[in-house]
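Residue numbers run from 1 in the order of the sequence given. Heavy atoms only: backbone and side chains are in, while hydrogens, waters and symmetry mates are out.
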Amino acid sequence: MKDQSKTADWTGKSGDSNWNNSSNWEPNEVPSSLANFEVSDQTVITFSPDIEAQIDSIVFQEDAPSNTFKFGTADASPALSINGQGMINNSTCMQSVIIASTGAHYYNPKLKFANNASAGGSNMSYYAGPESLENGYGGGIIGFTDNATAGSASFNVRTGKLAPPKNIQSTVGAEVSFGDYSTAEKANFTIYGTLGTDGDTFGNVVFHDHASADQGTFTNIGGTVSGGDGGNTQFYDNSSAAYGVYHNFGATFNKGNGGDVAFDGNADGGYAKFYNYVAEAEEGYGGVTSFNNNPPDMDALGASAGHATYHNFGAVKQGQGGGGHTEFTAKHGSCTGGYASIVNYGSVLDSKSTAGHTVFIVEEANNYFPTAGNAVIWNQPAPVEGGSGGYTQFAMYDLPVDAPNIPTAGNATIINIGGTKSGAAGGFTSFSNTCKAGSANLIALGGSNGGYGGKIEFYDTSTADDASVILSGNGELNIGDHTGGIRVKYLELTGGIISIQLGTNLTGLTVMDKLNLKSAQAYFSFWNKDDGGFEYNNSYLVLTAPNLSSFSTDQFSANSLDGVEPTFEISGNSLYVSYKK
C-alpha cells in the first residue's frame, strides 16, 4: 500500500508561503510523492534557502487558481527536484514558476526535472532570470536530466544588466539546460540577450550529452545594446536540434549582435528549421547559426548542419543592417554542412553584408577546416536594382598560403539564381585564398526581365579541380581575378559567360573531363588591366578540354576590346583568342 504521508494538499495556512513549512500542508507534513493544489488563499509558494525539497508530481486540480512558485537565490541546489510525472495542470488557470536568482553552473539548477518528469502543458509558464533585471546579474537555472522533458510549457529566459563579479563563478545569464537524454519536447522558449555593458552575459538554452530539442520552438531575441549579444540556444556534445524551429532575430541597436544558435562538439542540426533575420539597426548584426565557434576542441570531426533547413534573410527596407547568416567557422572542430538545405536571400541595399549569406571560414591556423559537405545551397538574387544578392563565401584570413586546413565546398550543390527584375544582381558564390571547390556542383542560372545572372567567382589561388560548373543564360563564371588559370572537372554551358583576364596574368580555364555545350555558342567576357601586359595580335590560351577538337571556332564568341573583334583558333584540344589590329 502506498505511503499516504508522502501525499499532501497545499493550504498555505501558516501565512509564510514556504513549501518547506509542514504547517502549509494537509496533513501536517511536506510531501515527497504528490503535491496537490486546489482552492487556496495563498497562491505564492516560496522555498527555503537551505533545504533541498523533492517531489514526484505536482498536480493543480480543476478549481485551482493561478499559483506562482518563486525560487530565489539559495545555498541549496536544487531547491526543488521533480522526479516523477512532473507538473500537471488540470486547472483552467495558468500556473507560473519563477527562478529569480544568480545561478552559477548548469550542474546546480534551482529547479530540476529528473527521470521522466515533465514541465507540463501549454498552461505552464516558466521564467528564469536574475532577482532584478536592472540591478541584478546572471540568472536562475532550470535543469532537465535523465529522460525528463519540457513538455509543451513556455519558458522566458533573461539576464541582468550588471556584469557578474569577477571573483565568483557564474553563468552567462539565466539558463535552461538539458542533459543526458532529456528533451525540449514541444515547449516554447523566448531567450533574451545582454542588457548591460558586459557583452558576455545573455539568456541561454543549452543542450548537452545526447539531449534533444525534439519539436521545441526557440526564439532568440537580437541584441538591444552596443556590443551586446542576443539570446542564445546552444548545442554541445552529441545533442541534436532534432525537429525544432529556431528564430534568430537581428540586433535592434547599433553594434549589437543577433540572436544565435550555436553548434559545438559533435552536435547535429537534425531535421530542424532555422530562420536567421536581418538586423533592424543599420549597424547591427543579423541573426546567426554557427558551427564550432566555441570550445571544446575536438579530436577530429565537429558539428554538423544535419538534414536541417536554414533561411538567411536580407534587408527588405532602408535602414536595416547585417543580414541573417550561417557560419561554419571551424575554430574548434571540423564542422560540416551535412545534408542541409540552405537559402541565402538578397537585399534591397547595395551592401553585400545586408544580404543573407553563408560563410565557410578559417580565421587562424588550427587543426580544423569547414566543409559544405553534401548540402544544397541556394543563393537568391537581389529583389531590386542596386541591391545585393544572397551569397556563399569560402575564405581564409591572416593565414599562410601553405596552411594545411582549407575550407572546401565538399560534395555540395550550390545554385546561384539570376535576378528577375531589370538591373537586379544575381546570387553568387566566391572562393578566395587557397580555398577549394572540392567535388561540388556549382551552378549559375541566368536572370530574366533584364536581371543579371548568378555568379561563381574564383580569386587568388583557390582551386576547383574536381568540381563541376554549369552555366545558363547570363549566369557567369568569373576567374578574371584569379592568380593564373583554374581547372574544373566538368563544364556545361547552356549560354553562360566565362570572364577571363588577358595579358601577363592569363586566367584561362582547363576542363579535365568534358565540355558539354548545349547552346549554339559559348560566350567569353575578356578584359585586361591597364598595366597587365596585354598585347594585340598575340594569341592567348583561354580554354582547354579533352573533347575541344570536336568543336568549331564559330561556336565561341566574345566581346570586343576598344572596337577590335576577337578571333578564335582551335589547335588540338585548346582554344586560343587574339585581337588583331
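A heavy-atom distance below 4.5 Å is not found between the side chains of Val278 and Val316. Counting only heavy atoms from C-beta outward, the side chains of Ser499 and Glu476 approach each other to under 4.5 Å. Ile191 is not listed as a side-chain neighbour of Asn232, based on a closest heavy-atom distance of 4.5 Å or more. Using a 4.5 Å cut-off on side-chain heavy atoms (C-beta onward), Phe534 and Leu561 make contact. In this structure, Ile500 and Ile479 have side chains that are in contact, with non-hydrogen atoms separated by less than 4.5 Å.
Applying the side chain to side chain donor-acceptor pair (under 3.5 Å) test to every pair with at least one member in residues 233-244, sequence neighbours left out, gives these pairs: Asn204-Gln234, Asn220-Thr233, Gln234-Tyr236. Under the side chain to side chain donor-acceptor pair (under 3.5 Å) criterion, the residue pairs touching residues 513-529 are Tyr490-Asn516, Gln521-Ser557, with sequence neighbours excluded. The stretch residues 530-539 participates, sequence neighbours left out, in these side chain to side chain donor-acceptor pair (under 3.5 Å) pairs: Tyr536-Asp562, Asn538-Tyr540. Pairs engaging residues 457-486 under the ring-ring contact (aromatic ring centres under 6.0 Å, His included) rule: Phe431-Phe458 [sequence neighbours left out]. Under the side chain to side chain donor-acceptor pair (under 3.5 Å) criterion, the residue pairs touching residues 306-318 are Asn276-Asn312, His311-Tyr345, Asn312-Thr326, Asn312-Asn344, Asn312-Thr358, with sequence neighbours excluded.
No donor-acceptor distance shorter than 3.5 angstrom exists from the side chain of Ser304 to the backbone of Asp268, with no hydrogens or angles considered. A donor-acceptor pair under 3.5 Å is absent between the side-chain atoms of Asn293 and the main chain of Thr329, judged by distance alone. No donor-acceptor pair under 3.5 Å is formed between the side chain of Asn257 and the backbone N or O of Lys255. In this structure, the side chain of Ser578 does not engage the main chain of Lys580 through any donor-acceptor pair within 3.5 Å.
Around CZ of Phe551, the count of heavy atoms belonging to other residues, nucleotides or ligands within 6.0 Å exceeds 12.
Side-chain contact check for Asn449 and Lys421: no donor-acceptor pair (N or O, by modelled atom type) lies under 3.5 Å. When only modelled atom types and interatomic distance are considered, Asn573 and Ser549 share a side-chain donor-acceptor pair under 3.5 Å. Side-chain atoms of His332 and Tyr368 include no donor-acceptor pair closer than 3.5 Å.
From Ser334, atom OG reaches atom CE of Met298 across 10.0 Å, with rounding to the nearest 0.5 Å. Rounding to the nearest 0.5 Å places CZ of Phe369 at 12.0 Å from CZ of Phe394. Atoms NE2 and CD1, from His247 and Ile221 in turn, are 10.5 Å apart once rounded to the nearest 0.5 Å. Between atom CG of residue Asn433 and atom OG1 of residue Thr461 there is a gap of 7.5 Å, rounded to the nearest 0.5 Å. One finds the CD1 atom of Ile377 at 9.5 Å from the CG atom of Asn416 (value rounded to the nearest 0.5 Å). One finds the CD atom of Glu492 at 9.0 Å from the OG atom of Ser472 (value rounded to the nearest 0.5 Å).
Listed by chain and number, the residues in a salt bridge (Lys or Arg N to Asp or Glu O under 4.0 Å) with Glu327 amount to none (sequence neighbours excluded). With sequence neighbours excluded, the residues forming a side-chain contact (heavy atoms from CB on, under 4.5 Å) with Phe568 are Phe524, Phe526, Thr553, Phe556, Ala558, Pro566, Leu575, Val577, listed by chain and number. Judged as a side-chain contact (heavy atoms from CB on, under 4.5 Å), and not counting sequence neighbours, the contacts of Ser550 are Asn547. Residues meeting the side-chain contact (heavy atoms from CB on, under 4.5 Å) test with Ala281, sequence neighbours left out: Asn254. Evaluation of the ring-ring contact (aromatic ring centres under 6.0 Å, His included) rule for Phe428 yields Tyr391 as partners, not counting sequence neighbours. Not counting sequence neighbours, the partners of Gln320 by the side chain to side chain donor-acceptor pair (under 3.5 Å) test are Glu280. Scanning for side-chain contact (heavy atoms from CB on, under 4.5 Å) contacts around Ser552 gives Asp554, Gln555, with sequence neighbours left out.
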For this session: Go through the steps for Ser226 and Phe253 under the test side-chain contact (heavy atoms from CB on, under 4.5 Å), then give the verdict.
Result: CA-CA 6 Å; Ser226 180; Phe253 199 94; 3.9 Å; yes
For this session: Carefully, step by step, assess Ile498 and Leu491 under the rule side-chain contact (heavy atoms from CB on, under 4.5 Å).
Result: CA-CA 11 Å; Ile498 302 172; Leu491 177 63; 4.0 Å; yes
For this session: Take Asn366 and Asp297, measure what side-chain contact (heavy atoms from CB on, under 4.5 Å) needs, and give me the verdict at the end.
Result: CA-CA 10 Å; Asn366 57 35; Asp297 290 339; over 6 Å; no
Problem set entry | Steps toward side-chain contact (heavy atoms from CB on, under 4.5 Å) verdict (Leu509, Ile486) | CA-CA 5 Å; Leu509 176 64; Ile486 69 165; 3.9 Å; yes
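Nearest heavy atom pair, residue Pro370 against residue Ile361, reads CG-N, 3.8 Å. Contact record, Ala467 with Leu442: CB-CD1, 4.5 Å, taken as the closest heavy-atom pair. Closest heavy-atom contact between Asn248 and Val288: ND2-O, 3.3 Å. Leu477 and Val469 make their closest contact through CD2-CG1, 4.3 Å (heavy atoms, listed as atom of the first residue, atom of the second, distance). Heavy atoms only, all atoms of each residue included: Ala382 and Gly387 are closest at CB-C, 3.5 Å. Closest of all the heavy-atom pairs between Gly484 and Asn505 is N-OD1, 2.9 Å.
Of the listed residues (Tyr277, Phe249, Phe274), just one forms a ring pair (Phe, Tyr, Trp, His ring centres under 6.0 Å) with Phe313, and that residue is Tyr277.
Ring geometry for Phe291 versus Phe263: interplanar angle under 30°, hence parallel rather than tilted (30 to 60°). Using bins of under 30°, 30° to 60° and over 60° for the plane-to-plane angle, the ring pair Phe235/Tyr246 lands in the perpendicular bin.
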